[in-house]
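Notes to accompany the following structure.
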2 protein chains.
Amino acid sequence: MPNDTPRARSKLKKVAARDKVASGRADKSLSKEVVVAAALTEIDRHGLDNFSLRNLAKSLKVFPTAVTWYVPGRGQILAEVVKLVLSDIMPPRFYDSWQHFLRLMFEGFRDTIRRHPNVAPLIGTQLIANQAIDFDFIERLLAALSHAGFTGQRLVWAYNIVVAGMVGFSTQEFAQLPSEGIKDWREDIKERLRGVPVAKYPTLVKNMSLLRNKAFTLRWQNGTDAPLDASFAAYVDVIIKGLEILAAQDNPT
Amino acid sequence: MPNDTPRARSKLKKVAARDKVASGRADKSLSKEVVVAAALTEIDRHGLDNFSLRNLAKSLKVFPTAVTWYVPGRGQILAEVVKLVLSDIMPPRFYDSWQHFLRLMFEGFRDTIRRHPNVAPLIGTQLIANQAIDFDFIERLLAALSHAGFTGQRLVWAYNIVVAGMVGFSTQEFAQLPSEGIKDWREDIKERLRGVPVAKYPTLVKNMSLLRNKAFTLRWQNGTDAPLDASFAAYVDVIIKGLEILAAQDNPT
DNA sequence: ACCTGAACACCGTTCAAGT
DNA sequence: ACCTGAACACCGTTCAAGT
């Protein structure tokens, strides 16, 4: 990113550093890291809808424009927050098998989202946040998939399948709750589920006790209060088994 | 939803209708449907970031508060927009097999997102938008999965796997582009991909020509300009094959 | 270099007033 | 019932001014 650091100063880092030393100033109270960390804390505490640069500045006890100096623009801040959240999803370097590798990676990603559910809506849906997953992560994943036998075009497929699958489930499991009127909204869902006519929706009604609040589109809580552990485990199994079959197919050249 | 129609009037529909007839008034220029349709048009044209109630009102040539009368609050409007977009994803009533059913469903969902990519960030990440998928859809999906042999707890798993899989890939494929500074942002990504050191990231560099702009987290365009057709097809295959294996496993009772 | 401080255009929502 | 119109508190960003 060309100007994700103080203004257009990115190419002048050495000069800036020298200036700082020369002037002997070490009284900087802010930094990009501090700003981003504070932003994450704000979002964790008060939700994405209530996040604003002004509230962030207030929490840092500075003027709103001081924040803008380190991270220019609201979008950049959110992108950096995603980056920070996903900075600890590094998959293991050693593993028993590529299946084992993927399993650990899926679980690690889910655990990370679980720690910061309010950030979930930003992940996967914003291309600017995609850079949050770094080259180390990508390299290890590609290496594991190569080890599974994927090469060339099929390696690309496998990579996309894994990333889409990894990000997709957990971001949906921890989907954002309505920011106001939650109580009424919840009651309304329960009411709707109670009133489903058995004649028109026999399979749904028959399995309602198993499905209610345990299945996508039939929930009034997200993964924080009603985790979908068993479904997630089955999901990971399905993707891995499917990949095994894909890996076993001949590689067309 | 208790008050998704004019104020707290929802239980008074008959009375209101009578009043309208009695007073002979048919000069309503707005309606909930008109408001939501206009909102979708605005989002399609100018993106989610530029959407506001005031711009919406301007496009309808009314005051901002007139909109609020039909759909109370910005969040409600967005939820209704998602509902409208997803109203045509109904899976087919007849099909050769449950595998065929799922294939058609996945493709239909992706086609729908492709038609309204700017809405993608709202789908799956907002619990309030989950009601967009109606009971007819759910019933047909559950019926197809029952036909595949899934019952009880495993039916719930299969349902969650399919919904998460269906929503996850396409919403990520059509992820939102940065709303400003796109040109610099794109150049920066390309620059970063050119500069990847082969010593540290051998697998990535080796497959770079296949991966760049064709793989998640390595793109500077979304599905609108750079569709991931082949990866999506492989993704659907993987999930279906995985489900076949899950279906074949014994149902623990 | 780093932050203050005022200013600007815009936002969603509330509330009173019209018809 | 349906919409106007003014008002309110808040927002992100720009730009000049301090040190």
Side-chain angles (χ1 to χ4, degrees), chain A residues 3 5-35 39 42 46 48-58 60-79 178-181, chain B residues 3 5-35 39 42 46 48-58 60-79 178-181:
Chain A
N3 51 358
T5 341
R7 282 282 143 76
R9 199 173 53 93
S10 41
K11 303 143 197 165
L12 306 171
K13 270 181 189 168
K14 292 172 197 167
V15 178
R18 173 175 50 73
D19 283 355
K20 195 188 296 178
V21 172
S23 66
R25 291 235 262 131
D27 54 348
K28 269 180 32 172
S29 63
L30 284 182
S31 70
K32 185 174 174 179
E33 288 71 29
V34 170
V35 167
E42 283 289 299
H46 307 114
L48 207 53
D49 290 340
N50 297 317
F51 174 76
S52 74
L53 295 186
R54 292 179 113 99
N55 286 339
L56 172 59
K58 199 175 289 179
L60 288 166
K61 292 171 182 172
V62 295
F63 277 63
T65 41
V67 169
T68 306
W69 201 89
Y70 287 95
V71 192
R74 178 189 159 88
Q76 298 279 345
I77 291 189
L78 295 179
S179 52
E180 51 182 26
Chain B
N3 50 356
T5 340
R7 284 281 145 74
R9 199 172 52 94
S10 43
K11 302 144 198 164
L12 306 172
K13 269 181 190 167
K14 292 172 196 167
V15 178
R18 173 175 51 71
D19 283 355
K20 195 187 297 178
V21 171
S23 65
R25 290 236 263 130
D27 54 347
K28 273 181 29 174
S29 64
L30 283 182
S31 70
K32 185 174 173 180
E33 287 72 27
V34 169
V35 166
E42 282 289 299
H46 307 114
L48 206 54
D49 289 340
N50 297 318
F51 174 75
S52 74
L53 295 187
R54 292 180 113 98
N55 286 338
L56 172 59
K58 199 176 290 179
L60 289 166
K61 292 172 183 173
V62 295
F63 276 63
T65 41
V67 169
T68 304
W69 201 88
Y70 286 96
V71 192
R74 178 189 159 88
Q76 298 280 345
I77 291 189
L78 295 179
S179 51
E180 53 181 25

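Proteins come first, then strands; the chains are lettered A, B, ... in the order of their sequence lines, and each starts at number 1.
- A pairwise comparison of heavy atoms in B:L48 and B:R74 identifies O-NH2, 4.5 Å as the closest pair.
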Any protein N or O atoms within reach of nucleotides 8-11 of chain C? Criterion: under 3.5 Å, listing atom names and distances.
| unit_1 | atom_1 | unit_2 | atom_2 | d |
| --- | --- | --- | --- | --- |
| C:dC11 | OP1 | B:S52 | OG | 2.9 |
| C:dC11 | OP1 | B:N55 | ND2 | 3.4 |

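- Of the two residues contacting DNA chain C, namely A:S31 and B:G73, the nearest-nucleotide position lying further toward the 5' end is that of A:S31.
- Partners of B:S179 by side chain to side chain contact (heavy atoms under 4.5 Å, CB included), not counting sequence neighbours, listed by chain and number: B:D49.
- Between the CZ atom in B:F51 and the CG atom in B:L78 there is a gap of 5.5 Å [rounded to 0.5 Å].
- By the side chain to side chain donor-acceptor pair (under 3.5 Å) test, B:N55 pairs with B:S52, sequence neighbours left out.
- When distances run from any side-chain atom of A:E180 to the nucleotides C:dC3, C:dT14, C:dT13, the shortest one goes to C:dT13.
- Here C:dT4 presents its P atom at 10 Å from CG of A:L60, a figure rounded to the nearest Å.
- Sequence order on DNA chain D of the closest nucleotides to A:P64 and B:K61 puts B:K61 first from the 5' end.
- Close to C:dC15, at under 4.0 Å from its OP1 or OP2, lies no side-chain N or O of B:T65.
- Rounding to the nearest 0.5 Å places OG1 of B:T65 at 9.0 Å from CZ of B:R54.
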Worksheet item: Would you write out the dot-bracket form of DNA chain C, 5' to 3', with Watson-Crick and G-U pairs under 3.5 Å, [ ] for crossing pairs, | for pairs to other strands and . for unpaired bases?
Response: ||.|||||...|||||.||
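- Across all their heavy atoms, A:Y70 and A:K32 have their closest contact at CD2-N, 3.7 Å.
- Of the listed nucleotides (D:dC2, C:dT4, C:dC2), C:dT4 has the atom at the smallest distance from the side chain of A:F63.
- Partners of B:A79 according to the side chain to side chain contact (heavy atoms under 4.5 Å, CB included) rule, which considers only residues two or more places apart in sequence or in another chain, are B:I128.
- Here B:E180 contributes atom CD and B:N50 contributes atom CG; the two are 9.5 Å apart, rounded to the nearest 0.5 Å.
- What separates CD1 of A:I77 from C1' of D:dT13 is a distance of 12 Å, to the nearest Å.
- Looking at B:T68, its side chain has no donor and acceptor atom pair within 3.5 Å of the base of C:dG12.
- To the nearest 0.5 Å, atoms CG (A:L60) and CG (A:L30) are separated by 6.0 Å.
- Of the listed nucleotides (C:dC3, D:dG5, C:dG5), C:dC3 has the atom at the smallest distance from the side chain of A:Y70.
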